[in-house]
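Inspection log for the structure reproduced underneath, given as structure tokens.
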Amino acid sequence: MTSRIVVIPTRRAHSNHAEVARSIGVDIIAGRYAEGTRLPGDAEMIAMFGVSRPVLRESVKTLVAKGLLTTKARVGTVVRERGAWNMFDADVLAWHLDAGIDKRFLNDLAEIRLAVEPRAAMLAAAQRSEQDIADLRRSMERMRIEASDSVGFADADLALHVAVARASGNLFMRSIGHVIEAALRASFLLSAPVEPEDRDTVLLWHQKIVDAIAAGDADAASEAMIFVIHNGMHRHEGTVIETAPAEALPSEESGERS
């Protein structure tokens with residue numbers, strides 16, 4: 001099966017240098033500037049973006065800090081290898097969504113989730129407060145109400161997973177959850193359980209997470225979380241991911257999927 005790409009529109013930058021950094025970053029991630037490629041010179045880039053030299057240099061400094069570029073004397077500005085990119089940077093993740101995510105991205109996301117979320121569920125079972133349980137149950141109820149292929153369902157699913165991270169009491173897990181929110185939301189939209197049997201399975205095992213945490217059963221919470229992540233991976237494998245321009249995709253307000 002080929003690894004197709006889908007574009008998920010994200011927020012836009014609010015300053016000149018941030019918008020230039022975003023544009024170059026998306027081009028790098030999309031492969032329009034390959035690893036090891038030298039970027040065009042300052043004069044060409046300034047003309048391309050219609051900005052001043054200080055704005056361009058600030059944009060390049062931003063991309064260097066995020067691991068996408070390096071500057072070398074007598075060589076210029078060069079695209080770094082993918083392994084150097086800071087995937088926990090919120091902008092870099094957002095630019096991946098702008099550039100288009102493929103199944104490699106989704107699998108990498110699932111693997112980091114498997115490394116973190118089951119442990120977060122275990123900790124949540126030990127650390128949760130009554131407010132945490134209420135938040136989890138509220139998200140669960142919203143999942144039951146919303147149509148499986150709606151933005152509302154994906155947002156409720158995301159809220160539940162973020163609530164688990166918050167209930168863990170671990171600041172690092174909470175921070176990771178917030179950083180990858182946009183990527184998780186895109187993942188949940190793409191793996192929507194549109195078939196009735198799939199929906200029943202998704203709701204059942206998310207409910208198992210909530211019940212295990214409420215009951216203080218750490219092992220059951222971890223096992224249910226592992227099942228949920230693996231089940232999402234299986235649904236991704238059966239999804240045909242088509243390329244789409246950002247403007248053609250549904251907005252959050254519409255509550256529709258293409």
Side-chain angles (χ1 to χ4, degrees), residues 6-15 18 21-22 25-26 29 62-63 65-68 85-99 101 105-143 146 150-192 202 206 209-210 213 218 221-222 224-226 228-229 232-233 236 251-253:
V6 65
V7 175
I8 306 289
T10 61
R11 68 191 186 284
R12 289 294 181 261
H14 296 295
S15 66
R22 188 199 71 83
V26 170
I29 290 165
T62 295
L63 293 167
K66 296 177 187 298
L68 274 68
W85 302 353
N86 181 6
M87 293 300 295
F88 284 110
D89 182 276
D91 286 331
V92 174
L93 273 174
W95 298 341
H96 272 83
L97 302 185
D98 282 336
I101 55 176
F105 179 93
L106 293 171
N107 285 336
D108 286 350
L109 177 62
E111 286 170 3
I112 192 63
R113 292 181 63 201
L114 284 169
V116 174
E117 288 195 80
R119 181 62 180 170
M122 292 184 74
L123 290 173
Q127 304 284 349
R128 80 281 186 269
S129 66
E130 290 302 315
Q131 184 60 55
D132 291 326
I133 295 172
D135 291 342
L136 289 165
R137 287 174 173 161
R138 187 179 305 110
S139 297
M140 192 70 241
E141 285 307 308
R142 188 179 173 196
M143 287 180 70
E146 299 283 354
S150 68
V151 171
F153 186 91
D155 284 346
D157 196 349
L158 172 62
L160 190 149
H161 287 270
V162 171
V164 171
R166 186 165 56 246
S168 74
N170 185 297
L171 295 178
F172 290 99
M173 289 180 176
R174 292 165 70 171
S175 295
I176 289 173
H178 286 299
V179 165
I180 64 174
E181 274 189 33
L184 281 177
R185 182 173 178 273
S187 174
F188 295 158
L189 280 168
L190 292 172
S191 64
V202 167
H206 279 78
I209 294 172
V210 175
I213 290 173
S222 176
M225 183 65 78
I226 291 170
V228 163
I229 296 170
M233 291 174 73
H236 283 145
S251 65
E252 293 186 33
E253 289 79 6

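Throughout, residue positions are numbered sequentially from 1 according to the sequence presented.
Atom-to-atom distance recorded for Ile180:CD1 and Phe88:CZ is 7.0 Å, nearest 0.5 angstrom. Atom CE of Met143 sits about 8.0 Å away from atom CZ of Phe188, to the nearest 0.5 Å.
In this structure, the ring pair (Phe, Tyr, Trp, His ring centres under 6.0 Å) partners of His206, at least two apart in sequence or on a different chain, are His161. Contacts of Asp132 classified as side-chain contact (heavy atoms from CB on, under 4.5 Å), with partners at least two apart in sequence or in another chain: Arg128, Ser129, Ala167.
The two residues Ala165 and Met173 make their nearest non-hydrogen contact at CB-O, 3.8 Å. Between Val92 and Asn86, the closest heavy-atom pair is CB-O, 3.4 Å. Residues Ile112 and Leu109 share a closest heavy-atom pair of CG2-O, 3.0 Å. Summarising the geometry of Ser168 relative to Gln127, their closest heavy-atom pair is O-CG, 3.4 Å, with the distance given to 0.1 Å.
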Practice prompt. Kindly indicate, with the supporting measurements, whether the criterion side-chain contact (heavy atoms from CB on, under 4.5 Å) is fulfilled by Leu184 and Glu181.
Written response: CA-CA 5 Å; Leu184 281 177; Glu181 274 189 33; 5.7 Å; no

Item to complete: Evaluate the criterion side-chain contact (heavy atoms from CB on, under 4.5 Å) for residue pair Leu190 and Ile101; output intermediate values, then yes/no.
Response: CA-CA 10 Å; Leu190 292 172; Ile101 55 176; 3.8 Å; yes

Discussion item. For a side-chain contact (heavy atoms from CB on, under 4.5 Å) check, start with the C-alpha distance between Phe153 and Val202, then their side-chain angles and the critical distance, and finish with the verdict.
Written reply: CA-CA 11 Å; Phe153 186 91; Val202 167; 4.1 Å; yes

Worksheet item: So Met140 and Ile209, side-chain contact (heavy atoms from CB on, under 4.5 Å) or not? Walk me through it.
Response: CA-CA 10 Å; Met140 192 70 241; Ile209 294 172; over 6 Å; no

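Remark: the backbone N or O of Leu171 is paired with a side-chain donor or acceptor of Ser175 at under 3.5 angstrom.
Inspection of the Gln131 and Asp135 side chains reveals an N or O donor paired with an N or O acceptor under 3.5 Å.
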